Student: 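Pasting a structure here, questions to come.
Source: prediction; values computed, not measured. Position 1 is the first residue of the sequence; numbering continues from there.
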Amino acid sequence: MENGIKESPVGLNKNGALAILPTPLVSEGHKNHKSVLNSLTSGALAGAVAKTAVAPLDRTKIIFQVSSNRFSAKEAYRLIYRTYMNDGFLSLWRGNSATMVRVIPYAAIQFCAHEQYKKLLGSYYGFQGSALTPIPRLLAGALAGTTATLLTYPLDLVRARMAVTQKEMYSNIIHVFMRMSREEGLKSLYRGFTPTVLGVIPYAGISFFTYETLKKLHAEHSGRIQPYTFERLLFGACAGLFGQSSSYPLDVVRRRMQTAGVTGHTYGSIIGTMQEIVAEEGFIRGLYKGLSMNWVKGPVAVGISFTTFDLTQILLKKLQQISHIQR
């Protein structure tokens, strides 16, 4: 109600007569605060679970992206096997600690921002059921990815450096920050930022758009508001496949620019980096190197990420409802 009071069950007033006793409503601000916390928590968990699951494949992809060596599934397997034999099983997750430091805040911010942008854009453009209309649906994802990238980019660069170097060069995350700042300047912490943002816009936009659209179509055709877990995984896999394929060349460019300080190259711009890659390795073999591995890794990671976020959101809401009833 407009006065902030809702009716409760009939009770006794101070004169002992039956009366409807008013109880205060939970404020909109409090509800929104809980919603933001739920989104942050769910997003952080989603990112951590998804990235840890595919960390060995992700590290292998980065190593090929930043080198001029030709990529093939056979060579990727050999690299993984050689790493395992020389450095042990856990070495396949080298750089994953830096990944977690980056991906937990990134995923938390991205999913939370997406929920907030959905509300904001929905208030202007309206909803189709529980989903935004198509253009705002695409825009919400792109804005969410851009927001998360702006706030966490140096952590992504550090993760890339740790993935392609030996322990002797960078012992931990702090060491990477200190050494890069001292030897390459503070600007180096944002090297490759432009191609990253340009890649995130279509990637995040298409990923969220695809997932939300598939859930909407599923609800319309099945009559079930909530998809089964395997259906969420499938929808997320499709989202990851389309999203990553759309922005992959820019992903290669950003990795080259991020690791220029340790690979001996001096990539100065997006166009210049692309031209050098194409000249040395060819258009397809250079700019799409490792894409076939990404078609395995990407859908798995995005499917796990979206599914974990949704299921964690549902669980947290149920726990809050139970807690509210018990009070």
Side-chain angles (χ1 to χ4, degrees), residues 42-108 152 154-180 229-230 233-234 236-237 240-241 244 248 251-252 254-256 258-259 261-264 288-309 311-312:
S42 302
L45 182 61
V49 172
K51 279 296 185 182
T52 300
V54 298
L57 293 177
D58 205 25
R59 181 176 184 270
T60 302
K61 182 202 71 173
I62 293 173
I63 290 173
F64 274 102
Q65 282 183 328
V66 303
S67 73
S68 57
N69 297 330
R70 186 174 177 179
F71 175 84
S72 68
K74 187 176 181 180
E75 287 302 315
Y77 170 76
R78 283 179 176 173
L79 176 60
I80 293 172
Y81 181 74
R82 200 161 52 242
T83 303
Y84 165 69
M85 292 301 294
N86 293 339
D87 302 316
F89 180 71
L90 292 179
S91 66
L92 296 174
W93 276 265
R94 172 161 169 73
N96 195 50
S97 59
T99 301
M100 290 299 101
V101 170
R102 175 251 175 186
V103 84
I104 288 174
Y106 178 89
T152 63
L155 296 171
D156 183 47
L157 186 144
V158 167
R159 170 243 186 171
R161 286 291 181 99
M162 290 190 72
V164 300
T165 56
Q166 300 299 316
K167 293 180 181 179
E168 292 76 19
M169 186 164 188
Y170 297 123
S171 57
N172 55 51
I173 297 168
I174 303 299
H175 187 206
V176 183
F177 275 114
M178 292 178 63
R179 186 166 175 178
M180 283 187 65
T229 300
F230 78 89
L233 287 168
L234 182 61
L241 184 65
Q244 294 196 342
Y248 195 78
D251 190 44
V252 174
R254 78 177 172 116
R255 291 302 183 201
R256 293 294 179 97
Q258 285 177 339
T259 58
V262 294
T263 58
Y288 287 89
K289 179 184 289 184
L291 179 59
S292 57
M293 178 176 286
N294 233 40
W295 282 342
V296 176
K297 176 194 77 73
V300 171
V302 178
I304 291 173
S305 182
F306 276 123
T307 301
T308 303
F309 176 80
L311 296 181
T312 306

Student: State, to 0.1 Å, how close L241 and W295 come at their nearest heavy-atom pair, and which atoms those are.
Tutor: CD1-CD1, 3.3 Å
Student: For F177, look at atom CZ and say whether over 12 heavy atoms of other residues, nucleotides or ligands are found less than 6.0 Å away.
Tutor: yes
Student: For a salt bridge (Lys or Arg N to Asp or Glu O under 4.0 Å) check, start with the C-alpha distance between K289 and D251, then their side-chain angles and the critical distance, and finish with the verdict.
Tutor: CA-CA 10 Å; K289 179 184 289 184; D251 190 44; over 6 Å; no
Student: Grab the two heavy atoms, one from R102 and one from T152, that are nearest each other, plus how far apart they are.
Tutor: CG-O, 4.2 Å
Student: Shortest non-hydrogen contact from V103 to G47?
Tutor: CG1-O, 3.8 Å
Student: For residues I80 and L57, determine if any side-chain heavy atom of one lies less than 4.5 Å from a side-chain heavy atom of the other.
Tutor: yes
Student: Run the side chain to side chain contact (heavy atoms under 4.5 Å, CB included) check on R255 and D156 step by step: do they pass?
Tutor: CA-CA 10 Å; R255 291 302 183 201; D156 183 47; 3.5 Å; yes
Student: Return the minimal non-hydrogen interatomic distance between S42 and T312, and the atom names on each side.
Tutor: OG-CG2, 3.4 Å
Student: Go through the structure and list residues passing side chain to side chain contact (heavy atoms under 4.5 Å, CB included) with L79, not counting sequence neighbours.
Tutor: T60, I63, F64, R82, T83
Student: Considering only distance and modelled atom types, tabulate donor-acceptor pairs under 3.5 Å from the side chains of residues 297-307, sequence neighbours left out.
Tutor:
| residue | atom | partner | partner atom | Å |
| --- | --- | --- | --- | --- |
| K297 | NZ | D58 | OD1 | 3.3 |
| T307 | OG1 | L233 | N | 3.2 |
| T307 | OG1 | G303 | O | 2.7 |

